[in-house]
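Labels below follow one simple rule: chain letters A, B, ... track the order of the sequence lines, proteins then strands, and each chain is numbered from 1. Side chains are part of it too, since the values below use all heavy atoms of this structure and drop only hydrogens, waters and symmetry mates. Quantities reported herein were computed from a predicted structural model and do not represent experimental measurements.
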2 protein chains.
Amino acid sequence: MREFKRRARVLLIDDNADHLRGVKELITLESSYDVVATTTSANIGINLAKKYRPDIILMDINMPEKDGLQAIQEIEKLDMDIRVIALSGYDDADLIFRAMKIGAKGYVLKTMASAQLIYAMDEVAAGKIYLPTALTSRFFEYFQNSFKEEEKTSAEENLLTYLTAREEEVLDLLTQGNNYKSIAGKLFISETTVKTHVNNIFQKLQVNDRTQAVLYALNNGFANRRLSKIAV
Amino acid sequence: MREFKRRARVLLIDDNADHLRGVKELITLESSYDVVATTTSANIGINLAKKYRPDIILMDINMPEKDGLQAIQEIEKLDMDIRVIALSGYDDADLIFRAMKIGAKGYVLKTMASAQLIYAMDEVAAGKIYLPTALTSRFFEYFQNSFKEEEKTSAEENLLTYLTAREEEVLDLLTQGNNYKSIAGKLFISETTVKTHVNNIFQKLQVNDRTQAVLYALNNGFANRRLSKIAV
DNA sequence: TTTGTCTTACATCTTTAGATTGATAAAATA
DNA sequence: TATTTTATCAATCTAAAGATGTAAGACAAA
């Protein structure tokens, strides 16, 4: 958590000029933040971010021209410790999820009380991530749901359960891209034995070749599952 | 959001008998919930859940005997609309993340004020998901970090960018488990042409065979990315 | 003890996969 | 226009993968 020795600097990006003015006034009059720049264009906003290096950006994510989410992503890629708070007119779970996924430090509805916006900025300036309670609940419903669907498909009937311990070892090595010789070497068994195991695996998983076996394994919760991959 | 026409029923599971008594007293005296049963064993707790069908379970997740998280998972699998709130002594980001992932409707620290526990129960009883603000912030740091690491690896240098449009088509079919003949049929080109493309793909991705190519593709953000896969 | 499963192993055979070289026409780019 | 890239196809060859049948020792369960 860093301390701001100076007044924190804020950049406002909102294609609605009226709302932009309103927020600027609010911040100027009722907070201890400095608005260093404002713009109604996401593209210009990204350039302003590079130029002014603000501490916080308030980014409208419901803009027609350029997607606000995409703009957030580009700003995050700059890796300049600029903290973006998403401003949106919608408490849509998918929107909230995507915004938080790509690195937004907060998500505030435009309809919320101005005090809440200031509070969010305070929290974010202090290094925290802020989501209003109601939106947090929405987020988690969406979040948990994405895992529930997964369980269903894998619960139907997971052919992986029919594999023996040794077959699982072999499959694990298959999912790492090993060929017969390599697997034989790592398990200290002969290549023909590996072939036997692999053939048994094919039978049990009802596939025709190793690529299909690997795909089946990865899509049905077999070990080596990597983190995430939740499409934006 | 459902309404409770009767007083909501609560099951308490906590291996610490003292804490168990304390929470029971708190709920009995200072809330409008009925404690239908208590136990210090996760396994017994699961059976009690089936028997009493409580509306809410307060589950200690720091138990030695059986992992509380595992117990939550088993209860969720029952699919009986029993809402579990995780009780923990630690505000560990990983613990919070895992609890919420498997379906906990709330996560409350044992050190928190008793009013906060009652509030969490009220929210959860009302169909919402509740996480204290401080823990929400922790959760999101962890959540966003899991995506950041991903970007790094894929940002280093993604060999997939060197593929031509046609090669991407071929790779896409490879990641679906097709062999040469099948790909040739689907793209209306000869099998030898497919071989040429596949060989070029191997060169560009610096791999030796199709399985490795498929693994590279899946691990580096190539289309077909499925939802989730965040290991518990 | 018998039965069954698991792990190991080999032989044989067929089918894919993969490497290499070469070639042509279209399309994009310099 | 000249050059490079891309997409297409072929022939050839080697290596790897996959199918099938058989079998022995270990071990656990009936």
Side-chain angles (χ1 to χ4, degrees), chain A residues 154 156-224, chain B residues 154 156-224:
Chain A
S154 60
E156 273 173 15
E157 192 195 16
N158 197 329
L159 300 176
L160 291 170
T161 59
Y162 298 134
L163 299 182
T164 68
R166 198 55 159 174
E167 285 162 357
E168 281 185 2
E169 283 185 80
V170 174
L171 180 55
D172 183 50
L173 291 171
L174 279 182
T175 62
Q176 290 169 36
N178 294 284
N179 59 17
Y180 286 137
K181 186 182 289 185
S182 170
I183 294 174
K186 286 178 179 171
L187 296 183
F188 303 107
I189 55 181
S190 85
E191 218 173 308
T192 57
T193 304
V194 178
K195 285 193 179 190
T196 306
H197 287 313
V198 170
N199 265 289
N200 290 334
I201 291 171
F202 291 167
Q203 302 305 315
K204 291 183 178 177
L205 301 188
Q206 297 168 23
V207 298
N208 303 311
D209 55 54
R210 64 180 53 205
T211 306
Q212 290 178 3
V214 166
L215 288 170
Y216 185 93
L218 297 182
N219 288 326
N220 289 276
F222 191 72
N224 275 52
Chain B
S154 60
E156 273 174 14
E157 193 195 15
N158 197 328
L159 300 176
L160 291 170
T161 59
Y162 298 134
L163 298 182
T164 68
R166 197 55 159 173
E167 284 162 358
E168 281 185 2
E169 281 185 83
V170 173
L171 181 54
D172 183 50
L173 292 171
L174 280 182
T175 63
Q176 289 168 36
N178 294 284
N179 60 16
Y180 287 135
K181 186 181 290 186
S182 170
I183 294 173
K186 287 179 178 171
L187 295 183
F188 304 106
I189 56 180
S190 85
E191 217 173 310
T192 57
T193 304
V194 178
K195 286 192 178 190
T196 307
H197 287 313
V198 170
N199 266 288
N200 290 334
I201 291 171
F202 292 166
Q203 301 304 317
K204 290 183 178 178
L205 301 189
Q206 297 168 24
V207 297
N208 304 310
D209 56 54
R210 66 179 53 205
T211 307
Q212 291 177 3
V214 167
L215 289 170
Y216 185 93
L218 296 182
N219 288 326
N220 289 275
F222 192 71
N224 274 51

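- Contact annotation: A:T193 does not reach the phosphate of C:dT8 (side-chain N/O to OP1 or OP2, under 4.0 Å).
- Note: CD (B:E191) to P (C:dT15) measures 13 Å, nearest angstrom.
- Between the NZ atom of A:K195 and the C1' atom of C:dT12 there is a distance of 10 Å, given to the nearest Å.
- Among the heavy atoms of the strands lying under 4.0 Å from B:N199 is at least one base atom, whether or not backbone atoms are also near.
- Using a 4.0 Å heavy-atom distance criterion, A:T164 is classed as a sugar-phosphate-only contact.
- The nucleotide whose nearest atom lies closest to any side-chain atom of B:T196 is, among C:dT7, D:dC9, C:dT8, D:dC9.
- A donor and an acceptor atom never sit less than 3.5 Å apart when one is taken from the side chain of A:S190 and the other from the base of C:dC10.
- Here B:K186 contributes atom NZ and B:L173 contributes atom CG; the two are 6.0 Å apart, rounded to the nearest 0.5 Å.
- Looking at heavy-atom distances under 4.0 Å, A:K181 makes no contact with the nucleic acid at all.
- Distance, A:I201 CD1 to C:dT8 P: 12 Å, rounded to whole Å.
- Taking every heavy atom of both residues into account, B:Y162 and B:K204 meet most closely at O-NZ, 3.0 Å.
- Within the structure, a side-chain polar atom (N or O) of A:Y180 is placed less than 4.0 Å from OP1 or OP2 of D:dG18.
- Atom CG of B:N200 is separated from atom P of D:dT6 by 9 Å (rounded to the nearest Å).
- Here A:E169 pairs with A:R166, A:L187 under the side chain to side chain contact (heavy atoms under 4.5 Å, CB included) rule; sequence neighbours left out.
- Within the model, atoms OG1 of B:T175 and CZ of B:R210 stand 11.5 Å from one another, a figure rounded to the nearest 0.5 Å.
- Taking only side-chain atoms of A:R166, from C-beta outward, the nucleotide of D:dA16, C:dT8, D:dT8 with the closest atom is C:dT8.
- A:L215 CG to A:L205 CG: the interatomic distance, rounded to the nearest 0.5 Å, is 11.5 Å.
- B:Q176 and B:D172 are linked by a side-chain donor-acceptor pair at a separation below 3.5 angstrom, with hydrogens and angles left out of the test.
- Rounded to an integer number of Å, the gap from B:I183 CD1 to D:dC9 C1' is 16 Å.
- We find that CD of A:E169 is positioned 8 Å from P of C:dT8, with the value rounded to whole Å.
- We find that CG of A:L187 is positioned 12 Å from C1' of C:dT7, with the value rounded to whole Å.
- The main-chain N or O of A:G177 is found under 3.5 Å from a side-chain atom of B:Q212 such that the two form a donor-acceptor pair.
- Summary of helix geometry: the two end axes of the helix from C:dT1-D:dA30 to C:dA30-D:dT1, each defined by five base pairs via their C1' atoms, are inclined to each other by 50° (rounded to 10°).
- OP1 or OP2 of C:dT8 sits under 4.0 Å from a side-chain N or O of A:H197.
- A heavy atom lying under 4.0 Å from DNA chain D marks the following residues of residues 203-214 of chain A, by number: A:N208, A:D209, A:R210.
- Nucleotide C:dC10 holds its C1' atom 14 Å from the CD1 atom of A:I189, rounded to whole Å.
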